[in-house]
Amino acid sequence: MYKSKYLNELFDGVKTKYSNEPEFIQAVEEFFDSMDFLVEKDPNIEKSAVLERLIVPERIIQFRVPWVDDNGKIQVNTGYRVQFNSAIGPYKGGMRFDKSVNLSVLKFLGFEQTFKNSLTGLPMGGGKGGSDFDPKNKSDAEVMRFCQSFMSEFYHFIGPDMDVPAGDLGFGAREIGYMVGEYKKLTHKWGRVFTGKGMSYGGSLARPESTGYGLCYFVEEMLKTYKNTDFKGKKVIISGKGKVSIMALKKAVELGAIVVGMSDTSGYIGSDKALDYDEIYSIANNRGNLEKEYIKKHSDVKHSSNPNDLWKIKCDIALPCATQAEISIINAKELKENGCYLVAEGANMPCNIDAIRYFNENGVLFAPGKASNAGGVAVSGLEMSQNAMHLTWTFEEVDSKLKDIMVNIFNECYKKAKEFNVPTNLALGANISGFLKVYDAMIQEGVI
Ligand code: NDP
């Protein structure tokens, strides 16, 4: 229930109209929590119907993706791109390949991406796409045929000044390579249309590291500002063992943290002492099963086949980096009871809205993904700049720009949260800061 009657009516409409889109409803609900602080101060928000316009994607593209598997059988998946908002720049946002992909998930991701991209300070609009295709247990040849079929329809809708996709869950360097190759073949243009590209064809150094490293830079600022401390000696748990998680692990350890728990879809491993990081990197590189593989060499760790048991481990800091809806209100309470005082989202919306409200009301510092995981898209923006200038910056140059961007994002969010007398509410700071730039652009561009 919001203080504003206007927001209550608008949200009731969202719930009715999109009743089969729970992830999208949660993203809007969480955003409106922050808008409740703003709409009465600025009547033009209601008058200009900017929120009504913001919650509807500018365009949704959906298409058939037929492909032939290694047994010669024809398979059919669905491809999507949600071009959510281009007020401040071309659509930008990752592609997700996972069984769970549907329009609700992609709409929530595209909506969040709009504010995340705005927070980076770079001229990028919000979009998200993907398919219900599951690349797990597929051969490279199957993934290639799928990507080529996907691109044979998708290429009509993307371009450096229109929409520049990137990777996300289930969509990494391999998939980007196949997509770029096919795009080039179909258009006779070099593939400046994806970011996250390999270094041999226009990628940026530090892009693979960027989301996980950026998350740690953001957490460092939180620790410094709110607790006058840093990562050294802090016990950290990280969910997932994918692109974001592994780089968060690497940077957290480099900054002095002790990572005591990790997970993947097969289960979790946890300990009172530091985990064996080299073993985890090796399992992740070989796309192995974390719980089963790790305990072969370390039988003394706690473990189970339920990834959610990770949140029961004693820790100072939790970094959910796997997927959406990982942390329920029950997990939030377990974390607090076990001493966790800081939760920062590496994944998109891993915390349910009740968990976020619980953290904010119970003294657990909380960083929303749209701010704390913005490092990936920020370096994607830097990759676009390097491509446009035909330059390659060094790892150190990109990493230093990434750090500056993450520190700026934290400061923006913190400043806004303080302005509204809720200095620890970084979700409010992120939502309002991200929104104001998009709002301004939408007003200046007229009713379109
Ligand atoms: P990956 O596919 O590389 O990795 C995802 C990891 O999460 C895998 O290890 C997977 O396990 C694990 N996982 C999935 N579901 C669960 C679960 N329920 N419990 C525990 N582990 C689980 O994806 P990314 O690392 O790229 O993305 C992760 C998250 O970060 C997503 O929410 C994405 O939207 C977000 N994000 C990613 C960015 C990027 O640059 N890649 C940028 C910003 C946000 P398994 O290994 O068993 O499959």
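FYI, the numbering just counts along the sequence from 1. As a basis for the values below, the full set of heavy atoms in this structure was taken, side chains included, without hydrogen atoms, waters or symmetry mates. Counting convention: from 1, in listed order, for ligands and their atoms alike.
The ring-ring contact (aromatic ring centres under 6.0 Å, His included) pairs that include a residue from residues 372-397 number zero, where partners must be two or more places apart or lie in different chains. Pairs of residues two or more places apart, or lying in two chains, never qualify as side chain to side chain donor-acceptor pair (under 3.5 Å) while including a residue from residues 147-157.
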Contacts under 3.5 angstrom, residues 333-342 side chains, donor-acceptor by atom type, not counting sequence neighbours:
from	atom 1	to	atom 2	distance (Å)
E334	OE1	N331	ND2	3.4
K336	NZ	N362	O	3.0
N338	ND2	K312	O	2.9
N338	ND2	E334	O	3.2

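Using a 4.0 Å cut-off between charged side-chain N and carboxylate O, K235 and D316 make no salt bridge.
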Every pair of nitrogen or oxygen atoms between ligand 1 and the protein that is under 3.5 angstrom apart - can you list them with their distances to 0.1 Å?
from	atom 1	to	atom 2	distance (Å)
ligand 1	2 (O)	G170	N	2.9
ligand 1	3 (O)	K243	N	3.0
ligand 1	3 (O)	K243	NZ	3.0
ligand 1	9 (O)	K241	N	3.0
ligand 1	9 (O)	G242	N	3.2
ligand 1	11 (O)	T265	N	3.3
ligand 1	25 (O)	K243	N	3.1
ligand 1	25 (O)	V244	N	2.9
ligand 1	26 (O)	K243	NZ	3.0
ligand 1	32 (O)	R96	NH2	3.3
ligand 1	32 (O)	N348	N	3.2
ligand 1	34 (O)	R96	NH2	2.8
ligand 1	34 (O)	D168	OD1	2.5
ligand 1	34 (O)	D168	OD2	3.3
ligand 1	34 (O)	N348	ND2	2.8
ligand 1	40 (O)	R207	NH1	3.3
ligand 1	40 (O)	R207	NH2	3.3
ligand 1	40 (O)	T211	OG1	2.7
ligand 1	46 (O)	K241	NZ	2.7
ligand 1	47 (O)	T265	N	3.1
ligand 1	47 (O)	T265	OG1	2.5
ligand 1	48 (O)	K136	NZ	3.1

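The 12-atom threshold is not exceeded at CD1 of I330, counting heavy atoms of other residues, nucleotides or ligands nearer than 6.0 Å.
Side chains of N117 and Q113: a donor on one and an acceptor on the other come within 3.5 Å.
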